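Working notes, beginning with the structure itself.
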2 protein chains.
Amino acid sequence: MSHMGNQLTSNVFKALGHPTRIQIIKLLRKGEQCVCDILPNLKSEQSNTSQHLTVLKNQGIVESRKDGSKVIYSIKNKEVYKMIDLVEAIILRQTEETKTSLTI
Amino acid sequence: MSHMGNQLTSNVFKALGHPTRIQIIKLLRKGEQCVCDILPNLKSEQSNTSQHLTVLKNQGIVESRKDGSKVIYSIKNKEVYKMIDLVEAIILRQTEETKTSLTI
DNA sequence: TTACTATATTAGCAATATCTAATATAGTAA
DNA sequence: TTACTATATTAGATATTGCTAATATAGTAA
């Protein structure tokens with residue numbers, strides 16, 4: 001498993017490197033949702049949201065299917081939730097550390 | 001744990017979103033290393049490498065200490081290796097899928 | 001001191017990402 | 001057909017990142 005291009009690896013991380021895209025992923029934790037349900041939860045324009053969804057789709061993080069005139073998105077690789085949990089653990093530890101260094 | 005700014009979360013992912021930085025993290029899997037040992041393994045210039053190390057340090061992924069005139073870097077949050085493993089699993093699955101769709 | 005090694009910082013430019021606004025496409029319904 | 005809804009795509013402006021080259025800083029050694 002060790003030899004995979006770091007370019008491919010970093011592309012996936014880069015796709016996760018935007019707050020709106022993280023928010024989309026968290027919205028999909030409840031299950032699949034059409035764009036029309038995702039949109040009102042975000043502050044982004046429709047076209048911008050569509051672009052963010054494309055970025056996530058290109059990296060295999062989400063997938064989509066058509067249902068009539070709607071497009072339904074869902075998480076394709078659930079690993080992404082473990083990754084977010086790990087990052088949040090790092091941030092939490094960093095935050096604690098900062099608090100401590102201020103109190104000492 | 002649920003309420004953490006997606007901005008903070010995405011900042012960590014963004015720091016992982018560069019092939020050179022992934023390579024640095026993998027180099028540090030063996031243990032702490034001075035910049036002088038990291039440099040020859042990378043294609044980047046010294047100043048560029050220094051900048052990448054700063055990005056990783058700012059997000060709490062690596063830490064550093066001085067040893068004489070050298071600076072020794074090490075992984076601060078080992079979660080990062082789990083994250084890389086998860087991403088590589090995603091990529092592997094994507095690759096298999098592509099192979100399959102070509103063969104069918 | 002001077003000279004040297006190791007690393008970081010800065011400035012300016014090139015490359016990439018992001019956003020908005022406009023337009024295109026596809027499905028549905030009248 | 002027309003009109004409408006849902007989503008995607010494109011173009012162009014702005015913002016951010018990444019790179020190189022030069023310079024700065026700090027430690028060591030003569």
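Reminder, nothing fancy here: chain letters follow the sequence lines and each chain counts from 1. Being a predicted model, the structure only gives us computed values, none of them experimental.
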In whole Å, I'd like the distance from the NZ atom of B/K14 to the C1' atom of C/dT18. 10 Å

What residues from residues 40-54 of chain A pass a heavy-atom cutoff of under 4.0 Å to DNA chain C? A/E45, A/S47, A/N48, A/Q51, A/H52

What pairs of donor and acceptor atoms, side-chain ones from residues 31-39 of chain A against any protein atom, are under 3.5 angstrom apart with sequence neighbours left out?
| unit_1 | atom_1 | unit_2 | atom_2 | d |
| --- | --- | --- | --- | --- |
| A/E32 | OE1 | A/R65 | NE | 3.4 |
| A/E32 | OE1 | A/R65 | NH2 | 3.3 |
| A/E32 | OE2 | A/R65 | NH2 | 2.6 |
| A/Q33 | NE2 | A/L27 | O | 2.8 |

Rounded to the nearest angstrom, tell me the gap between atom CG in A/N11 and atom C1' in C/dA17. 13 Å

Dot-bracket encoding per residue of DNA chain C, Watson-Crick/G-U cut-off under 3.5 Å, | denoting interstrand: ||||||||||||||||||||||||||||||

Nearest-Å distance, CZ (A/F13) to C1' (D/dT17)? 18 Å

Worked verdict on A/Y73 versus A/E63 for side-chain contact (heavy atoms from CB on, under 4.5 Å): CA-CA 6 Å; A/Y73 279 84; A/E63 61 192 346; over 6 Å; no

Would you say C/dA26 has OP1 or OP2 under 4.0 Å from some side-chain N or O of A/K66? no

Output the rounded distance in Å from CD1 (B/I24) to C1' (D/dG18). 13 Å

D/dA6, OP1 or OP2 - any side-chain N/O from A/Y73 closer than 4.0 Å? no

Within less than 4.0 Å of OP1 or OP2 of C/dC19, is there a side-chain N or O belonging to A/H18? yes

C/dT7 phosphate, OP1 or OP2: any side-chain N/O from B/K70 under 4.0 angstrom? no

Looking at OG1 of B/T9 and CG of B/N6, how far apart are the two atoms once the value is rounded to the nearest 0.5 Å? 5.5 Å

Output, in order, the C-alpha distance, side-chain angles, deciding distance and verdict of side-chain contact (heavy atoms from CB on, under 4.5 Å) for B/Q7 and B/N11. CA-CA 6 Å; B/Q7 181 67 64; B/N11 283 345; 3.2 Å; yes

Under 3.5 Å, is there a donor-acceptor pair between the B/K14 and B/Q59 side chains? no

Between A/S69 and A/V55, name the one whose nearest nucleotide on DNA chain C is closer to the 5' end. A/V55

Atom-to-atom span, CG of B/D37 to C1' of C/dA6 - whole angstrom: 12 Å

Without decimals, in angstroms, what is the distance between B/N58 CG and D/dG18 C1'? 15 Å

Would you kindly confirm whether A/V12 and A/L53 end up in one hydrophobic cluster when ILVMFWY residues are joined by side chain heavy atoms under 4.5 Å apart? yes

Output the rounded distance in Å from CG (B/D67) to C1' (C/dT5). 14 Å

As a test of reading the structure: which of C/dA8, D/dT7, C/dG27 is closest to the side chain of A/C36, going by heavy atoms? D/dT7

How long is the gap from CG on B/N77 to CG on A/L86, to the nearest 0.5 Å? 10.0 Å

Distance col, row A/T20:OG1 vs A/Q23:CD, nearest 0.5 angstrom, shows 6.5 Å

Which value, rounded to the nearest 0.5 Å, describes the distance between A/R21 atom CZ and B/S10 atom OG? 8.5 Å

